[in-house]
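Any value given below was found using the heavy atoms of this structure, including those in side chains, with hydrogens, waters and symmetry copies removed.
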2 protein chains.
Amino acid sequence: MAMIDHSADRAVFRQLADLLRDRIQSGELGPGEPLPSELRLAQDHGLSRTTVRQAIGQLRTEGLVTVDRPRGTFVRVPEPVQVVTLARGEHVGARMPTDAERRKHRLGEGVPVLVVTTPEGTETVHPADRVQLTRP
Amino acid sequence: MAMIDHSADRAVFRQLADLLRDRIQSGELGPGEPLPSELRLAQDHGLSRTTVRQAIGQLRTEGLVTVDRPRGTFVRVPEPVQVVTLARGEHVGARMPTDAERRKHRLGEGVPVLVVTTPEGTETVHPADRVQLTRP
DNA sequence: GTCCATTTGTCCGTATGTATC
DNA sequence: GGATACATACGGACAAATGGA
């Protein structure tokens, strides 16, 4: 098993996040598959549950995993993407939603929003996990 | 002073995050201004420093504040925005960067990246706090 | 339906390290 | 050196929701 180095420069919880991220991005943990439970990870690596939660929190903010409480933590499953066409003169930015916006649009953690601004200044917000913009 | 309701349905750290977010969005705490220290917030509201850190962590993931350790926690100052023109057929998405990408591009916490994909499939990433895309 | 084990969420306390002023 | 402030890591406790026996 991959190991954690307590004497390393990098924080322990970041090392654990790196390990789990690698397992996800390598495909060893596929979309929809559960991560080991927090208790299991803590025991396996000799860490406190607090530290394990920090690591998983990191992956949550990166949008790599979602939590279905209390069933477990799962590798995020990609949403079907809808393509939206940009009109002339429109600008596009991205930012994190506020807590209120997250609930309103039912956004998962770690999912930004795309903000489209018309030349008149009107803004529309799109969930970045379900929308792609295109210049035709 | 605004109060925390321990009997409320909403978690205490979320209530504190709400209070601080309101003070930022109302302009009472302007860009570049420091938040009260974690210890100060803990004492003022009768909370543990752990809980205060949870609240501030929430605002960090929302990109509302930045931490300059150990000077303090500050309301994020908007970056100068560079406008990038989209070519025909390009697609635009957004996602959170991984930890490695964050360090590579010197991205602040809570800042997504804009991902531009050419028709050939080449991807370029832009920090969403410094770049806006436009369809001319 | 009830009981119980599992799992995540929340909150507290403590300690130590590191960088700044 | 000392005080301040954030970062990391540990520990414990209880709550809430799920799922299986």
Original post:
More than 12 heavy atoms of other residues, nucleotides or ligands under 6.0 Å from CZ of A/R103: is that the case?
Top reply: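 Yes - once you tally the heavy atoms of other residues, nucleotides and ligands closer than 6.0 Å, there are more than 12.
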
**OP:** Measure from the side-chain N and O atoms of A/Q43 to the backbone N and O of A/R40, and report whether any donor-acceptor pair falls under 3.5 Å.
**Re:**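 Judged by distance alone, no pair lies under 3.5 Å.
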
Original post:
Counting distance only, does the side-chain N/O of A/T117 pair as donor-acceptor with the main-chain N or O of A/G121 below 3.5 Å?
Top reply: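 It does not hold such a pair.
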
Let me check something: any side-chain donor-acceptor pairs from residues 69-78 of chain B under 3.5 Å, sequence neighbours excluded? List them with distances.
from: B/R71; atom 1: NH1; to: B/D68; atom 2: OD2; distance (Å): 2.6
from: B/R76; atom 1: NE; to: B/G63; atom 2: O; distance (Å): 2.6
from: B/R76; atom 1: NH2; to: B/E109; atom 2: O; distance (Å): 2.6

Original post:
Can you pull the contact range of chain B along DNA chain D, 5' to 3', using atoms under 4.0 angstrom from its heavy atoms?
Top reply: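 Reading along DNA chain D, I get D/dA5 to D/dT8.
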
**OP:** Say whether A/L47 and A/V65 are linked into one hydrophobic cluster, either directly or through other cluster members, by side-chain heavy-atom distances under 4.5 angstrom.
**Re:**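 Hydrophobic grouping puts A/L47 with A/V65.
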
Original post:
Do the non-hydrogen side-chain atoms of B/L114 and B/V125 ever get within less than 4.5 Å of each other?
Top reply: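 Not touching, per the 4.5 Å side-chain cut-off.
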
Original post:
How many angstroms lie between atom CZ of B/R53 and atom CZ of B/R60, to the nearest 0.5 angstrom?
Top reply: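 Spacing of CZ (B/R53) from CZ (B/R60) equals 6.5 Å.
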
Subject >> Gap separating the NE2 atom of A/H105 from the CG atom of A/D129, nearest 0.5 angstrom >> reply: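 With rounding to 0.5 Å, NE2 (A/H105) is 11.5 Å from CG (A/D129).
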
If you look only at distance, which donor and acceptor atoms sit under 3.5 Å apart when one is on a side chain in residues 79-93 of chain A and the other is two or more places apart or in another chain?
from: A/E90; atom 1: OE1; to: A/A87; atom 2: N; distance (Å): 2.8
from: A/H91; atom 1: ND1; to: B/Q132; atom 2: OE1; distance (Å): 3.4

**OP:** Just report the end-to-end axis angle for the helix from C/dT2-D/dA21 to C/dC21-D/dG2, five pairs per end, to 10 degrees.
**Re:**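 What I find for the helix from C/dT2-D/dA21 to C/dC21-D/dG2 is an axis angle of 0°.
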
**OP:** Treat primed atoms plus P, OP1 and OP2 as sugar-phosphate and everything else as base, then score nucleotides 7-15 of chain C 5' to 3': B for base contact with protein heavy atoms under 4.0 Å, S for sugar-phosphate contact only, - for none.
**Re:** BBBBSBB--

Original post:
Could you give all pairs that pass the side-chain hydrogen bond (donor to acceptor under 3.5 Å, both in side chains) test and reach residues 8-24 of chain A, with sequence neighbours left out?
Top reply: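 side-chain hydrogen bond (donor to acceptor under 3.5 Å, both in side chains) check on residues 8-24 of chain A returns A/R10-A/D18, A/R10-B/D99, A/D18-A/R21, A/R21-A/E62, A/R23-A/E28.
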
